[in-house]
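All ligand and atom numbering here is 1-based and tracks the order in the structure.
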Amino acid sequence: MDKKTFDMRADGASITAIAPLEILDSRGNPTLQVTVRLLSGAVGVAAVPSGASTGKHEAVEWRDGDKKRYGGKGVQESCEKIKGEVSDLLLGQHAGDQLRIDKLLCDLDGSDNKQTLGANTILAVSLAVAHAAANHYAMPLYRYLGGVAANILPVPMMNIINGGMHADNALDIQEFMVMPVGFNKFSEALRAGTEIFHSLKSILKKKSLSTNVGDEGGFAPNLSSAEEALSLMNDAVTAAGYKPGGDIFYALDCASTEFFKDGIYDLVGMKKKMTASQLTDYLAKLCDDFPIISIEDAMAEDDIAGWEILTKKLGNKIQLVGDDLFVTNPKRLQMGIDKNLANALLVKVNQIGSLSETLTAVGLAHRHNYRAVMSHRSGETEDTTIADLAVATNCGQIKTGAPSRGERTAKYNRLLAIENQLGNDAIYAGRTILKK
Ligand code: PGA
Ligand code: ZN
C-alpha cells in the first residue's frame with residue numbers, strides 16, 4: 001500500500017483489494033468484471049458493457065489487440081493494469097469518496113478519451129467501488145447514490161424491433177421501441193410492454209416473418225421500411241389490448257451516424273438519399289402518422305447544422321435524444337446546450353467511462369431542462385447497475401432492450417425488485433415524461 005495516498009478517513013471503507021476478471025458479454029466478446037473489497041469485508045462487483053454503433057467522440061475501450069485471442073478483443077492487459085498501477089493508486093482510499101476515486105483514475109489515465117488505461121478499465125473499477133461502498137453502508141445502490149429522494153421508477157423504452165447495426169435486415173432505423181406510459185406502476189407498464197412483445201411475435205409468425213431476436217432482444221424481421229415496422233407495432237399493441245397513442249407510445253433510435261455519408265443520409269433499405277432537412281420532414285411525417293414521442297440520434301454525431309434544423313422543427317413537439325451526439329460527455333452536452341441541439345441526453349456509463357462523470361452529465365442535463373435517459377449498450381452483461389442509476393438520478397426513462405435475453409431482463413428484474421422494495425413510496429414516471 002502506498003502510505004502517501006493512504007486515506008486516514010477511510011476506516012472500514014478503505015479499499016483493500018481490487019480483483020479484475022476477463023468475462024464474456026452478451027455477444028461473446030470479452031469484457032471486464034471487477035470485484036472491490038473493503039476493510040469492513042464489504043464487497044462490490046461490476047461488469048462493463050460494450051457498444052456496436054459506437055460514437056466517434058466516446059471514450060475508448062482498451063483491447064489487447066492480440067489476434068490469437070478473441071480476435072484481438074481480449075482485456076487481459078486491462079486486468080494487469082488494474083492489478084498493478086490502479087491498485088497501487090487506490091488501495092487504502094475511501095470507497096465512499098467516489099468523486100476522488102474517479103478523479104484519481106482519470107488523472108492516472110491523463111488523456112481526454114481515457115485511451116491510456118481504457119474507459120472499460122476505469123469504469124469497471126469506478127462502478128465496483130460504488131457497489132462496495134453501498135454494501136459497506138448497507139444501502140441499495142440507488143439509495144446510496146440517489147439519497148432519500150430517489151423514488152422514481154423509469155418508463156421502459158422497450159426495443160421490440162431491431163434494425164441497423166443490430167440486425168441483418170434492411171431496416172435503416174436501428175431501434176423501434178414501445179413506451180408503456182399510461183400506467184400507475186412500473187410493473188404494470190413492464191407487463192404491458194411484454195404482452196405487446198408477445199403479441200408481436202404471434203403476428204410475425206402468422207406473416208411467416210422471422211421471430212429470431214437481435215442483439216437487444218427485439219425481433220429482427222425482414223422489413224425494409226419504418227412504416228412497416230410501426231404498423232406492425234400498432235397491430236401488436238391493439239392485439240394485446242392496449243391503445244397506440246393512449247397508454248402506449250413509440251420511440252425511435254435512428255443511429256443515423258451509421259448511414260450518414262458525404263453529407264447525405266443514405267437510407268439503403270428504403271433506397272432513398274436525404275438531406276438533413278428532408279430527413280427531418282420524413283421523421284415529422286412519421287410522428288404525424290404514428291404516436292412517436294421520442295427520437296434518438298435523428299442526425300449524425302457531427303452534423304450540427306442538421307441537429308439545428310431538426311431541433312427547430314421538432315424540439316417543441318417530441319423528445320430529441322442525443323446519443324452519439326453527446327456521448328454522455330459533459331463537454332459535448334454543454335456544446336449542445338449552448339447551440340440548442342436536441343432536448344435530452346442518452347446516458348451510457350461506458351461512453352464517458354466513470355460513474356461521477358456520468359452523474360455530472362445527468363446533473364448538467366437536468367439543470368438545463370434536458371431530459372436524461374439511462375441506457376444499456378448492445379453488448380451487455382448480467383450487471384444491473386444502470387437500473388439503480390435510473391432510480392438514483394430520478395431520470396424517468398430507461399432503455400434496456402426487449403423483455404428477452406437474460407442480460408436485458410436482468411435490468412427489468414432489478415427495477416421490479418426496487419419497486420417492490422420501495423413499496424408505496426415508489427412513483428412511476430409514466431405520463432410525466434410526455435412533453436407538455
Ligand atoms: P450501441 O447501440 O450500444 O451498439 O451503441 C445502442 C444505441 O445506439 O443506443
Ligand atoms: Zn443510440
Side-chain angles (χ1 to χ4, degrees), residues 25-29 31 47-61 73 119-120 123 154 156-168 171-179 213-218 220 226 250-260 265 283 292 294-303 307 310 318-329 332-333 336 341-353 358 361 365 371-381 383 385-386 389-390 395 397-402 405 407-408 411:
D25 74 13
S26 53
R27 278 192 280 251
N29 292 324
T31 190
V48 299
S50 178
S53 59
T54 46
K56 180 166 97 195
H57 304 285
E58 291 190 23
V60 294
E61 297 174 332
K73 292 194 166 171
N120 48 348
L123 181 67
M157 304 172 86
M158 305 170 81
N159 176 12
I160 61 172
I161 298 183
N162 293 190
M165 292 281 284
H166 294 167
D168 291 328
L171 281 175
D172 301 297
I173 293 180
Q174 180 177 279
E175 298 171 23
F176 295 83
M177 295 167 268
V178 285
M179 297 179 69
V213 297
D215 285 354
E216 296 188 352
Y250 303 153
L252 305 176
D253 180 3
C254 301
S256 63
T257 303
E258 305 297 329
F259 53 82
F260 187 60
Y265 293 92
L283 292 171
I292 296 168
S294 176
I295 304 182
E296 179 181 331
D297 280 357
M299 296 291 150
E301 58 198 355
D302 287 326
D303 185 12
W307 275 102
L310 174 87
I318 61 165
Q319 174 171 269
L320 297 171
V321 186
D323 172 11
D324 290 353
L325 175 67
F326 297 141
V327 293
T328 319
N329 184 326
R332 291 277 302 177
L333 176 60
L341 312 179
N343 55 29
L345 168 75
L346 196 76
V347 184
K348 290 170 164 170
V349 281
N350 79 324
Q351 276 183 330
I352 185 70
T358 304
R371 294 266 169 77
V373 177
M374 202 53 62
S375 174
H376 64 166
R377 298 306 302 247
S378 52
E380 268 293 335
T381 69
D383 181 286
T385 306
I386 60 163
L389 284 184
C395 69
Q397 297 173 76
I398 189 168
K399 266 183 75 173
T400 189
R405 301 182 55 130
E407 77 281 3
R408 312 295 147 184
K411 280 68 162 175

Residue [X] vicinity, atoms of ligand 1 by number, heavy atom under 4.0 Å:
X    : result
D253 : 7 (C), 8 (O), 9 (O)
R377 : 1 (P), 3 (O), 5 (O)
D323 : 7 (C), 8 (O), 9 (O)
E296 : 9 (O)

Original post:
Do T381 and D383 have side-chain atoms, one donor and one acceptor, less than 3.5 Å apart?
Top reply: no

Side chain proximity check, [X] to [Y], heavy atoms < 4.5 angstrom:
X    : Y    : value
W307 : D297 : yes
T385 : V349 : no
E216 : H376 : yes

**OP:** To the nearest 0.5 angstrom, please state how far the CE atom of M165 sits from the OG atom of S378.
**Re:**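 Between atom CE of M165 and atom OG of S378 there are 8.5 Å.
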
Subject >> I161 side, atom CD1; E175 side, atom CD - distance, nearest 0.5 Å >> reply: 12.0 Å

**OP:** Anything protein N/O/S under 2.8 Å from the Zn ion (ligand 2)? Just list residue and atom, please.
**Re:**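 Listed by chain and number: D253 OD2, E296 OE2, D323 OD2.
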
Is the closest heavy atom of [X] to ligand 1 under 4.0 Å?
X    : answer
A255 : no
H376 : no
Q174 : yes

Do me a favour and list the nearest non-hydrogen protein atom to [atom] with residue, atom name and distance?
atom                   : value
atom 3 (O) of ligand 1 : S378 N, 2.8 Å
atom 6 (C) of ligand 1 : K348 NZ, 3.4 Å
atom 9 (O) of ligand 1 : K399 NZ, 2.8 Å

Subject >> Any N/O pair L346/ligand 1 closer than 3.5 Å >> reply: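 So ligand 1 has no N or O lying under 3.5 Å from an N or O of L346.
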
Original post:
Does a salt bridge link D253 with K399, judged by any charged N lying under 4.0 Å from a carboxylate O?
Top reply: yes

Original post:
Which heavy-atom pair separates C395 from M374 by the least distance, and what is that distance?
Top reply: SG-N, 3.9 Å

Subject >> Option passing salt bridge (Lys or Arg N to Asp or Glu O under 4.0 Å) with R377 (candidates E407, E61, E58) >> reply: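 It is E58; the other options fail the test.
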
**OP:** Could you tell me how the ring of Y265 sits relative to the ring of F259: parallel (under 30°), tilted (30 to 60°) or perpendicular (over 60°)?
**Re:**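 If you compare the ring of Y265 with that of F259, the planes turn out perpendicular.
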
Subject >> Reference residue Q351; test side-chain hydrogen bond (donor to acceptor under 3.5 Å, both in side chains); the match among N329, T328, T54, T358 >> reply: T328

